[in-house]
Amino acid sequence: MTSTEIRKRFLEYFVKILARENMEHVEVPSSSLIPENHPTLLFTNSGMVQFTPYFLGEKNPVSDFGSKRLCSAQKCIRTGDLDIVGISKYHHTYFEMLGNWSIGDYGKKEAVRFSFELLTNKDYGFGLDPSRFYPTVFAGNEDAPEDSETIEAWKSVGIPENRIPKLPASENWWAPGPVGPCGPCTEVIYDRGEDFGPEESVPGLTDNPRYLEIWNAGVFMQFNRNEAGELVPLAKMSVDTGSGLERLSVLLQNVDSNYETDLFRPIIEKIVSLVGEKSSGETKKSVQRVADHIRASTFLIIEGLYPSNKDQGYVLRRLIRRVFDECVWKLDIDSSKIIEIIPTVIEINKERYPEIDKLDFITGVFKTEIDQYKLATDRTRSFIIKNYVKKGVKDIINPFDIYQSQGASRDLIENLAIEQGISIDFSNFDSDVASHQDKSRSNMSQRFKGGLGDHSIETTKLHTATHLLHQALREVLGDLVHQMGSNITSERLRFDFSNDTKMTDDEVKKVEEIVNQKIKEALPVNKVVMLKADAEKTGALHFFGDKYGDEVSIYFIGDSIENAWSKEFCGGPHVTNTSELGSFKIIKEEAVSKGVRRIKALC
Ligand code: SER
């Protein structure tokens, strides 16, 4: 089944097939990738974003759309996974999400039945085998009980209880961002069989390609998380569902990766046809990354976005420059050829999104940015030749000089050094860059999360302090304590964690002392990148399950990963030694909700 047919079938089920039982939905067009009036969200990251005011009761869906039952295919951008894009088979910057919504209309039972029927029906649905379904449900915690109604709903369509994994909030609680409507969810995991990977007792907890998550078949939005971090019950429950078109296509086209579906294959083929003889050899990851980033950039450009140093424009700049770096340095594709890939992206998408059919405009934006970056590259190369090569210097020990005078990224400096046959020592580079970062960016960067975060020295210190605090809390209060949320500004850290009671003054003092002791011990902070399955074996703390990709980074504090005092899955940034933190002070310990406490602290 082509992706166009999959999208059509999905929407037609809700609009036409369900009309037979007077449950028809209204199809709402995709909203912009840049959300309107959304201070905490840089990009539309799921189908529900445009409906937020309706869930909160601020707007009426019947007045605006003529129904409380809606469906859509939504253009989305996620930047949290940027570092693994190209490596992972299933994560993208841009992707399309199919979804249906009940705004105070039907509930859990119907949501489950609709998704089951659409996935399994052979005439008008996708004809999938229900004996391979593992629908996961929320196991319950201090905030909300086990989702027994959803368990019953799956049983009533014939899924036995032993194939319904009950998972913690890290897996089965969904929220669009730090604030907004949220609640427990149920995700359909599809077992592709032993050819794809080993059997697992609890499917849905790892990235095993055998178990493909194909549909978040219901986020049951019963709460709104407000600015203060509190969960406030909503007057009426709403249902939000989302299924990635790329993943459904993997399954229904029986391929192994999103890049092998018809949404990507022609783009990959085009890039491969351009790869030069001097390519690095390990091209697959780079080709995939280029395909992803060109597609995402194209969709961002038709939103009217230009590359810049601010907010969304900065993401677009990063994407285009990364395309340049991958093409020029890894794939041996001449930078003037990059724009030749754009027509294929347009061709695949223009039937559904006719607004994308603006080749000259999109090419113009790409060309301007590429030319600008090329100039910067040439300037940096001349600088290196003049100051190092001509002077016979063979080792660059202070790359920070190049960064500071040329504004060149670490990747670019490294690529140019290799090109010029010079070795380079980056050991102090990151902390130098961190202290040089423009602080005015911090507010913006915070919203990018992993990989694009604010690297100012203040926030970097507070990131490391957060790891120390987390471990100290576990020592004082016990191993049941774990992270529920974290928010860092250049002024303070804020850490939410599970704990039933208020901490005593003594406990607070003890935690503070432990952190200060670890600062005094001047422990090294190190990062290792490894496959997620191996990373899990190290015992490093991690609480967000599937949100990590195939490869993860672990920061550990101590001499070796085996003996580290603290180890956590984390994207960073961190200081290189705990002594850089100076001292640590807890300024507040308070309740967030039942069973969740919050600490605010400073360095
Ligand atoms: N908002 C939920 C998700 O993105 C369901 O659509 O998974």
Side-chain angles (χ1 to χ4, degrees), residues 6-7 10-11 13-14 25 27-28 30-31 33 35 38 40-56 61 69-81 90-103 105-108 110-112 114-116 118-119 135-138 147 150 153 167-190 204 207 211-225 234 237-248 258 449 544-549:
I6 295 169
R7 187 195 294 112
F10 187 98
L11 296 170
Y13 172 78
F14 288 100
H25 290 53
E27 183 189 336
V28 180
S30 170
S31 65
L33 284 168
H38 223 303
T40 58
L41 211 54
L42 219 40
F43 293 108
T44 298
N45 64 0
S46 60
M48 58 84 74
V49 170
Q50 67 166 324
F51 303 121
T52 304
Y54 302 93
F55 303 132
L56 298 177
R69 296 184 297 271
L70 310 171
C71 60
S72 81
Q74 173 70 48
K75 300 183 281 185
C76 299
I77 291 269
R78 289 190 184 173
T79 54
D81 294 323
Y90 307 119
H91 291 85
H92 294 299
T93 319
Y94 168 89
F95 65 100
E96 217 178 305
M97 190 175 261
L98 307 169
N100 57 292
W101 289 271
S102 152
I103 299 174
D105 190 75
Y106 57 84
K108 300 179 177 182
E110 294 83 355
V112 165
F114 296 159
S115 69
F116 182 82
L118 173 54
L119 289 174
T136 64
V137 297
F138 178 57
D147 194 355
T150 303
L167 302 181
S170 54
E171 308 297 319
N172 277 62
W173 185 274
W174 202 89
V179 298
C182 54
C185 66
T186 180
E187 298 187 341
V188 180
I189 313 280
Y190 189 83
D207 269 350
Y211 299 102
L212 201 59
E213 178 198 317
I214 51 171
W215 195 345
N216 195 347
V219 177
F220 303 116
M221 287 189 285
Q222 296 165 291
F223 302 97
N224 180 39
R225 195 177 292 278
L234 290 167
M237 190 191 80
S238 291
V239 177
D240 153 41
T241 92
S243 174
L245 176 63
E246 288 77 4
R247 293 218 194 157
L248 264 187
N258 290 4
K449 301 219 196 78
F544 304 102
D546 194 33
K547 288 175 190 63
Y548 294 102

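In each ligand, atom 1 is the first atom listed, and ligand 1 is the first ligand listed.
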F114 and Y106 aromatic centres sub-6.0 Å: yes

Using a strict cut-off of 4.0 Å, indicate which atoms of ligand 1 neighbour a heavy atom of G242. 5 (C), 6 (O)

Can you pull out the closest protein heavy atom to atom 4 (O) of ligand 1? Residue, atom name and distance to 0.1 Å, please. W174 CZ2, 3.1 Å

Have S31 and Q74 got a donor and an acceptor in their side chains that come within less than 3.5 Å? yes

Of the protein's non-hydrogen atoms, which lies at the shortest distance from atom 1 (N) of ligand 1, and what is that distance? D240 OD2, 2.8 Å

Any atoms of ligand 1 less than 4.0 Å from a non-hydrogen atom of S46? List them with their elements. 1 (N), 4 (O)

Between N172 and C185, is there a donor-acceptor pair closer than 3.5 Å when you use the side chain of the first and the backbone of the second? yes

Tell me whether E187 reaches ligand 1 (any heavy atom closer than 4.0 angstrom to a ligand atom). no

Near M48 (heavy-atom distance under 4.0 Å), the atoms of ligand 1 are 1 (N)

Indicate yes or no for a side-chain donor-acceptor contact from S243 to the backbone of I214 under 3.5 Å, with no hydrogens or angles considered. yes

Which residue and atom name correspond to the protein heavy atom nearest atom 7 (O) of ligand 1, and how close is it? N216 ND2, 2.9 Å

What part of N45, side chain, backbone, both or neither, has a heavy atom within less than 4.0 angstrom of ligand 1? neither

Quick one: does any side-chain atom of S30 pair with a main-chain N or O of K75 as donor and acceptor, under 3.5 Å? yes

For ligand 1, note which part of R78 has a heavy atom under 4.0 Å away: side chain, backbone, both or neither. side chain

Hey, does the side chain of S72 reach the backbone of E27 with a donor-acceptor pair shorter than 3.5 angstrom? no

Using the ring of each side chain (for Trp, its six-membered ring), is F14 parallel, tilted or perpendicular to F10, with breaks at 30° and 60°? tilted

Using a 4.0 Å cutoff against the non-hydrogen atoms of V219, which atoms of ligand 1 qualify? 2 (C), 5 (C)

